[in-house]
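Worksheet: the structure to be examined is printed underneath.
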Amino acid sequence: MKIPLLDLKAQYRSIKAEVDAAVGKVVEAQDFILGEEVRSLEKEIAAYCGVKYGAGVASGTDALILALRALDIGAGDEVIVPPFTFFASAEAVSIVGAKPVFVDIDPATYNIDPDLIEKKITKHTKAIMPVHLYGQCADMDPILAIAKKRGIKVIEDNAQAIGATYKGRKSGSMSDIAALSFFPSKNLGAFGDAGMVVTNDEKLAERVKSLRVHGGAVQYVHSEIGLNSRLDNLQAAALRIKLKYLDKWLEARRQNAAFYNEKLRGVPVVCPYVPGHNVHTYHQYTLRIKKGQGEIIKYLSDNGIGTRIYYPIPLHLQDCYKFLGYKKGSMPASEAAAQEVFSVPVYPELSQEQKAYIAGKITAFPF
Ligand SMILES: Cc1ncc(COP(=O)(O)O)c(C=O)c1O
């Protein structure tokens, strides 16, 4: 049996008629940049996330960059970020001219460890950027409490966790401003690059809407230097159709995860840990093996099962961040996770037979 890590064709097939019609309408209208579909999507995503405003942008990376810019974070500033995440989390901080300051993760959830944050705060710290990794929220209450006490901002990197909740609050709604990615492989994915900034702060939303069109809300009038980071109408049209199915897809992911949790009981792999206050969305179903990460990945691949390591090199050990002076051993929890985790297929369209095959193969691995 061959089972890819993600099968986007299966999802497309299930909504083809609707999506094709919505995309066709945009092409027919020849209304491509920003436009009505984008405005509607901004309202719908904001409502879905439980916030007042959304600003569609070209990617999740741009959403982070523009969120930082809207908060006036730049040269000389520091932003606290976990090193066990996709590169863009720290890259966005660097792009605006600020310095990423890495804080290690909680090995149980893979999210930033709030207990380690305070000692990294300096007079230059402007914000904390928790990343809701693999689809479940970071422990936000202590993070928000530290930020409040220190008078600094919080930016949620919600690229992977749309629809997740923390103590009943939606991901993306708990901080000053949040970034979403609609990269095709995300739980809500476009047919290309797309992203959104969401916030309850009208001024921040308006600032992002100005920055995304060259720093001028009125054409040819520029109040500041921005960039071209517009969400296009074709992507918005497709995303609006997909949004209607998102909760159903997230539930299917949770059911798939529950199936694996059950089948892998007693097998020497660590299944995802979900604190009682979290509802996970399983953007990834990530397992952990003490020894033999490379071997089990090869074994699963030989058996036709797609896997991936998210992420093999923690950001503090990336060549481009050598100048920050971190060493091997600086972030032990992130470094251990990078050598022990692997993700397996959890997409909503997996059949019972496919899931049973995957669980069966993992169980049969010679640990
Ligand atoms: C945690 C995280 N942050 C940021 C991004 C950047 O999003 P995009 O690929 O849409 O630029 C991604 C997605 O790839 C991500 O997983």
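When a ligand or atom number is given, it counts from 1 through the structure's own listing order.
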How far is atom 3 (N) of ligand 1 from its nearest protein heavy atom, and which residue and atom name does that atom have? D157 OD2, 2.8 Å
Show me which atoms of ligand 1 lie under 4.0 Å from any heavy atom of A159. 2 (C), 3 (N), 4 (C), 5 (C), 12 (C), 15 (C)
So, do E78 and I152 sit near enough that their side-chain heavy atoms are less than 4.5 Å apart? no
S181 heavy atoms, cut-off 4.0 Å: which ligand 1 atoms fall inside? 7 (O), 8 (P), 10 (O)
Could you tell me, atom by atom, which parts of ligand 1 come under 4.0 Å of a heavy atom of G60? 6 (C), 7 (O), 8 (P), 10 (O), 11 (O)
Y282 and H280 aromatic ring geometry - parallel, tilted or perpendicular at 30°/60° bounds: parallel
Y110 and ring-ring contact (aromatic ring centres under 6.0 Å, His included): which single residue from Y310, Y134, Y311 fits? Y134
When T109 is tested against each of D113, D106, I105, I112 for side chain to side chain contact (heavy atoms under 4.5 Å, CB included), which residue passes? D106
Nearest heavy-atom approach of V103 to P83 is O-CD, 3.1 Å
Provide, to 0.1 Å, the distance between atom 13 (C) of ligand 1 and the closest protein heavy atom, together with that atom's residue and name. K186 NZ, 2.7 Å
Taking only non-hydrogen atoms of H283, do any sit less than 4.0 angstrom from ligand 1? no
What are the atoms of ligand 1, with element, lying closer than 4.0 Å to any heavy atom of T85? 1 (C)
Do the rings of H214 and H222 sit parallel, tilted or perpendicular, given the 30° and 60° boundaries? perpendicular
One finds that the ligand 1 atoms under 4.0 Å from a non-hydrogen atom of F86 are 2 (C), 5 (C), 12 (C), 13 (C), 14 (O), 15 (C), 16 (O)
Nearest to atom 11 (O) of ligand 1, what protein heavy atom do you find, and at what distance? T61 OG1, 2.5 Å
Please work out which of the three classes, parallel, tilted or perpendicular, describes the rings of Y166 and H277, given edges at 30° and 60°. perpendicular
Taking the non-hydrogen atoms of S89, is any one of them nearer than 4.0 angstrom to ligand 1? yes
For V131, the ligand 1 atoms with a heavy-atom partner under 4.0 Å come out as 1 (C)
Protein residue, atom and distance nearest to atom 16 (O) of ligand 1, heavy-atom basis: Q160 NE2, 2.8 Å
Around K99, counting heavy atoms of other residues, nucleotides and ligands shown, do more than 12 lie under 6.0 Å from its NZ? no
